[in-house]
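Read through the structure below, which is laid out as structure tokens, and then see the notes.
For the numbers below, each heavy atom of this structure counts, side chains included, while hydrogens, waters and symmetry mates do not. Reminder, nothing fancy here: chain letters follow the sequence lines and each chain counts from 1.
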Amino acid sequence: MHTDDEALVEGLRRNEPAAFDAAYTRHGPHLYRFLHRLTGRRDLAEDLFQETWIAVARNAARLEPNTDLTAWLFTIARNRYRSYRRWAVLDLTRLAALGDEPREPPAPGPAERAEARQKAEALERAIAKLSVAHREVLLLAGVEGLEPAQIAEVLGQKPEAVRQRLHRARAELAAILEKEDAVTSPRRDAKGESR
Amino acid sequence: MSTTRPDLDDAGNARLDTRLAALPDTPIDPRFSAEVLRQAREVLAEEREGSAFARASRLWYGTLLPAALVACALVYACDAVRTLERIYVASAP
């Protein structure tokens, strides 16, 4: 664990506002990015983000001294999403939204990076088509850069199970990207346009 | 529809990971972020006050009250011994 995170854990255990602010500044954007891609909805991501940090404030004093702060925060965020999905079964309007979560377009980039933007958009679409289990492990490993031990802690699984899940997730993502490329390439040829 | 999944080698995994790491950021609304921080700080302050009360309760029930009870018991015992002594002396022939 990063030594700065160790100091933050100590500060959080003492309910220090400065330590809480520092943890929020350092980890907040990553948690929001994870929730946004996991849910595919800005409004839901914002709700879960808010619930996550309220839970962090309530439980900070109960942290163990050797807690991995990053893994702990992502665990809370992920559990909030799982709780939402569980309760969504009882709420018909939420249930309808679960199966049809709108995907928001990614943020626009500069014109000269149009190709990179197209690739990123294709990747975003592919991620959205993954199962939740595969999506979350790919986001944690590939986007957020968590270590395997941290991912195992977040998912509540053994490291070997995480490796297998990550392998299957990558394979599914690659298959979806291949299909996307196969679908878009003939269209370009038919129109005779180059991009 | 079944999907044939490619068997990725390390290079394939690395390419995927590079693409994932290069995804654009998803910015959070600054006003929303500030509001969440404000609400979380309120909860933190409540927890801090609550824990101070809990510490005071533990100190009272765990240390001060038992010490007071033991002191009262000792005073009572000493007084009882003195009373018995007076009775013994008074009733001596």
Side-chain angles (χ1 to χ4, degrees), chain A residues 12 14-17 20-21 24-25 28-29 31-37 42 45-46 49-62 104 106-109 116-117 119-124 127 138-139 141-145 166-179, chain B residues 1-70:
Chain A
L12 288 170
R14 291 192 293 267
N15 268 355
E16 290 174 1
F20 188 88
D21 287 359
Y24 186 85
T25 303
L31 285 179
Y32 179 77
R33 182 172 61 188
F34 171 68
L35 286 169
H36 190 209
R37 288 216 165 88
R42 181 175 288 276
E46 287 179 351
F49 181 78
Q50 183 179 29
E51 289 178 25
T52 297
W53 283 102
I54 299 293
V56 169
R58 284 209 196 288
N59 295 286
R62 287 182 268 277
E104 294 168 359
R117 189 167 71 243
K119 284 182 97 170
E121 286 172 4
L123 185 53
E124 297 268 16
I127 290 172
L138 271 179
L139 290 175
V143 179
E144 303 306 329
L166 187 55
H167 177 75
R168 286 195 293 269
R170 284 180 175 137
E172 186 182 348
L173 183 64
I176 294 171
L177 286 170
E178 250 185 53
K179 243 184 12 171
Chain B
M1 192 196 296
S2 65
T3 311
T4 309
R5 294 186 182 175
D7 195 18
L8 292 177
D9 56 5
D10 288 346
N13 286 335
R15 276 196 297 275
L16 260 183
D17 285 350
T18 302
R19 283 185 72 176
L20 286 167
L23 279 171
D25 220 348
T26 47
I28 187 171
D29 180 75
R31 276 180 303 183
F32 167 75
S33 178
E35 177 60 20
V36 169
L37 181 58
R38 188 193 65 77
Q39 290 175 5
R41 275 189 193 142
E42 276 181 13
V43 172
L44 197 72
E46 282 171 18
E47 290 291 319
R48 203 165 43 243
E49 284 162 24
S51 64
F53 176 75
R55 276 198 303 272
S57 293
R58 276 198 301 273
L59 181 65
W60 171 248
Y61 289 108
T63 308
L64 297 177
L65 188 56
L69 290 173
V70 167

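Proximity to chain B is limited to the side chain of A:L177, based on heavy atoms less than 4.5 angstrom apart. Interface remark: B:T18 contributes no atoms to any contact with chain A (heavy atom separation under 4.5 Å). Both the backbone and the side chain of A:P17 have a heavy atom closer than 4.5 Å to some heavy atom of chain B.
The most heavy-atom pairs under 4.5 Å with chain B, out of A:L138, A:D21, A:L173, come from A:D21. The candidate with the highest count of non-hydrogen atom pairs below 4.5 Å against chain B, out of A:E16, A:E144, A:R33, is A:R33. If you tally non-hydrogen atom pairs under 4.5 Å between each of A:Q50, A:K119, A:R58 and chain B, the highest count goes to A:R58. The candidate with the highest count of non-hydrogen atom pairs below 4.5 Å against chain A, out of B:L23, B:D17, B:V43, is B:L23.
The shortest side-chain heavy-atom distance between B:E35 and A:E46 does not fall under the 4.5 Å cut-off. Within the 4.5 Å cutoff, the side chain of A:F34 has no heavy atoms near those of the A:V143 side chain. A:V56 is listed as a side-chain neighbour of A:F20, based on a closest heavy-atom distance under 4.5 Å.
A salt bridge is defined here as a Lys NZ or Arg NE, NH1 or NH2 lying under 4.0 Å from an Asp or Glu carboxylate O, and A:R168 with A:E172 fails to meet this definition.
The CG atom of B:L65 sits 11.0 Å away from the CG atom of B:L59 when rounded to the nearest 0.5 Å.
Ring geometry for A:Y32 against A:H36 counts as parallel: the plane angle stays under 30°, on a 0 to 90° scale with 60° as the upper cut.
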